[in-house]
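One structure is given here, and the rest of the page talks about it.
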Amino acid sequence: MQLTLRIQRFNPRRDERPYYREYTIEADAMERVLDALNTVKWEQDGTLTYRRSCGHGVCGSDAMRINGRNRLACKALVRDHAPRITIEPMLGFRVLKDLVVDMEPFFEKYRQIKPYLINDDEPGETERLQSPEERHRYDEGTKCILCGACTTACPPFWVNPGFLGPATLVNAHRFVFDSRDRAASQRLEALTSRNGVWRCRTVFNCTEACPRDIEITRLIEDLKRGLLFDKM
Ligand code: SF4
Ligand code: FES
């Protein structure tokens, strides 16, 4: 089929403001939007800039707005968006070039909740064991690939870029409810700060945007309940 890609372009070294450029290519309906971007880059315009790596929904590097919704380009099929696809960078982050945004503020917030197991107990003779129920408690959050699609679809984040955002909260959930972890109290300062979990207004945009189908809003509510009822 003939496919038109309308892509937001911006080179801060040269352009005063972003603009749109259209490319028409031949594409198969079952190709991914990432394949269509590659066709443009490899056959029409080598200056087009976007991130991608694994090509299979694992690395989280190619989150972008596709016809107005945050999606991974490698998981979005052409047939679901054709014949005309508008592609823009995610909202709320500084654009470095074209579809590439500055993810450093995102990862700076992620680091605030200490996203690793902390346990200073004396190690035993064996691994620190968990029951299947204990593992299940935080399983959902382990699916996160840190693509940023949830945080940049979140209205409270748009109006307050200081908000930790859903991705950070999902990862906080993953660690504070891990029975092996001993550091929930160390994460409380960030979680209960004015930019912490209470900034969530339960909009559900994050859950809709997540390419891993993580029940983000439910996990955030679970965190809130944990804080309210001292269950961490
Ligand atoms: Fe991406 Fe989902 Fe993780 Fe948010 S929770 S960063 S949308 S994988
Ligand atoms: Fe890795 Fe899309 S390229 S998630």
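Each ligand, and each atom within it, is numbered from 1 in the order the structure gives. Heads up: numbering here begins at 1 and tracks the sequence. This one's a predicted model, so the numbers in the text were calculated from it and none came from an experiment.
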Before accepting this row, confirm whether a basic side-chain N of the pair [X]/[Y] lies closer than 4.0 Å to the acidic partner's carboxylate O.
{"X": "R79", "Y": "D28", "value": "no"}
{"X": "D98", "Y": "R9", "value": "yes"}
{"X": "E208", "Y": "R69", "value": "yes"}
{"X": "E22", "Y": "R84", "value": "yes"}
{"X": "D139", "Y": "R135", "value": "yes"}
{"X": "R94", "Y": "D102", "value": "yes"}
{"X": "R187", "Y": "D181", "value": "yes"}
{"X": "D121", "Y": "R182", "value": "yes"}

At what distance is the nearest protein heavy atom to [atom], and which residue and atom is it?
{"atom": "atom 8 (S) of ligand 1", "result": "I145 N, 3.4 Å"}
{"atom": "atom 4 (S) of ligand 2", "result": "G60 N, 3.2 Å"}
{"atom": "atom 3 (S) of ligand 2", "result": "G55 N, 3.1 Å"}
{"atom": "atom 7 (S) of ligand 1", "result": "C150 N, 3.3 Å"}
{"atom": "atom 2 (Fe) of ligand 1", "result": "C210 SG, 2.3 Å"}
{"atom": "atom 5 (S) of ligand 1", "result": "I216 CD1, 3.6 Å"}

For atom 1 (Fe) of ligand 2, does an N/O/S atom of C74 lie at less than 2.8 Å?
no
Is atom 1 (Fe) of ligand 2 under 2.8 Å from any N, O or S atom of H56?
no
Per-atom contacts, ligand 1 versus [X] - under 4.0 Å to a heavy atom:
{"X": "A167", "answer": "6 (S)"}
{"X": "P211", "answer": "7 (S)"}
{"X": "R212", "answer": "8 (S)"}
{"X": "L146", "answer": "3 (Fe), 6 (S)"}

To the nearest 0.5 Å, tell me how far L169 CG sits from E221 CD.
10.5 Å
Taking atom types as modelled, find out whether Y20 and E88 have a side-chain donor-acceptor pair closer than 3.5 angstrom.
yes
Is it the case that N171 and Y116 place a side-chain donor and acceptor less than 3.5 Å from each other?
no
Give a yes/no on ligand 1: does G148 have at least one heavy atom closer than 4.0 angstrom to it?
yes
Would you please determine whether C206 falls within less than 4.0 Å of ligand 1 on a heavy-atom basis?
no
Looking at [X], which atoms of ligand 2 are within less than 4.0 Å of one of its heavy atoms?
{"X": "V58", "value": "4 (S)"}
{"X": "C59", "value": "1 (Fe), 3 (S), 4 (S)"}
{"X": "C54", "value": "1 (Fe), 3 (S), 4 (S)"}

Logged contact type for S53 with ligand 2, heavy-atom cut-off 4.0 Å, is backbone
Counting backbone and side-chain atoms alike, is an N, O or S atom of C144 positioned under 2.8 Å from atom 3 (Fe) of ligand 1?
yes
Atom 2 (Fe) of ligand 1 to C147: any N/O/S contact under 2.8 Å?
no
Test side chain to side chain contact (heavy atoms under 4.5 Å, CB included) applied to F157 and L164, T151, L91, the passing residue:
T151
